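The structure presented is a predicted model; accordingly, all values stated were derived computationally and were not measured.
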Amino acid sequence: MGTKKHPQAITHQAELSVLALHAWRWSRSRHAGRFWLIRHRAYCRSVTNRRCLAAITLTDLLISLVLAHLVCDFTLQSDRMALEKVPGNDVTLNWRWWLIAHSATHGLAVALITGIPLLGLAELILHAIIDWLKSCLRFSLACDQALHFACKLVWASLVILL
């Protein structure tokens, strides 16, 4: 016995097939290149992204952002970066460079996950401010991480609501 597919799944699959057909047709025409790219992007946005974003829940997005944060904070940040991004502890480079480099990894992760570069820029700025305040005010790691996770909650909420 065959399994029945949900009507939306069939519609989505059909739309993706149409997308592939359009991509093939336009790539074979004499207008290939810039015109194909514009049409392809517009069609992808109108067909696939709406469906995909509708399927992502706030919880899914929040989990992805938090996991990316943990990877950026504890895996991609070297010991040297962790020490030298603090004002006064810099030896090789000015502490601002270390802080910006560390914050940029977080900004890139947010921009890639959400698909909104402006949120990545906002994450870069807020992450730098929070880490700078952590070094100046000497608050705990738990407080630092709570502030970062609050930012992730704001980003996830903005993506879902917009």
Taking everything shown except Leu118 itself, do over 12 heavy atoms lie less than 6.0 Å from its CG?
-> no
Heavy-atom distance under 4.5 Å between the side chains of Trp155 and Ile113, does that happen here?
-> no
Under 4.5 Å between any side-chain heavy atoms of Leu83 and Val91, yes or no?
-> no
Please check if atom CH2 in Trp95 has more than 12 non-hydrogen atoms from other residues, nucleotides or ligands closer than 6.0 Å.
-> yes
ring-ring contact (aromatic ring centres under 6.0 Å, His included) filter on Phe149, not counting sequence neighbours, yields His69
Do Asp73 and Gln145 come close enough that some side-chain heavy atom pair is under 4.5 Å?
-> yes
Spatial distance of atom NZ (Lys152) from atom CG (Leu67) [nearest 0.5 Å] = 11.5 Å
Is there a donor-acceptor contact under 3.5 Å from the side chain of Glu123 to the main chain of Leu119?
-> no
State, yes or no, whether a side-chain contact exists between Leu133 and Ile130 at a heavy-atom distance under 4.5 Å.
-> no
Given the rule that I, L, V, M, F, W and Y join up when any side-chain heavy atoms are under 4.5 Å apart, are Leu158 and Val110 in one cluster?
-> yes
Beyond-backbone contact of Leu93 with Arg80, side-chain heavy atoms, under 4.5 angstrom = no
Heavy-atom donor-acceptor pair, Glu84 side chain to Thr92 backbone, under 3.5 Å = yes
Ser135 side chain to Val86 main-chain N or O, any donor-acceptor pair under 3.5 Å?
-> no
Give every residue pair that meets the salt bridge (Lys or Arg N to Asp or Glu O under 4.0 Å) criterion with at least one member in residues 99-109, sequence neighbours excluded.
-> none
Nearest-0.5 Å distance that lies between atom CG in Leu62 and atom OG1 in Thr57 = 9.5 Å
For Gln77 and Ala82, work out which heavy atoms get closest and say how close.
-> OE1-CA, 3.7 Å
Honestly curious: do Leu99 and Leu147 fall in one hydrophobic cluster under the side-chain, below-4.5 Å linking rule?
-> yes
Of the non-hydrogen atoms in Leu124 and Ser103, which two are nearest, and what is the gap between them?
-> O-CB, 3.5 Å
Shared ILVMFWY cluster between Leu137 and Ile129, side chains joined below 4.5 angstrom?
-> yes
Would you say Leu112 and Val71 are hydrophobically clustered, going by side-chain heavy atoms of ILVMFWY under 4.5 Å?
-> no
Can you measure from CG (Leu126) to CG (Asp131) and round to the nearest 0.5 angstrom?
-> 11.0 Å
Closest non-hydrogen atoms of Cys72 and Thr105, given as atom of the first, atom of the second and distance, are SG-O, 3.6 Å
Under 4.5 Å between any side-chain heavy atoms of Ile100 and Lys85, yes or no?
-> no
CG (Leu65) and CG (Leu153) are apart, to the nearest 0.5 Å, by 10.0 Å
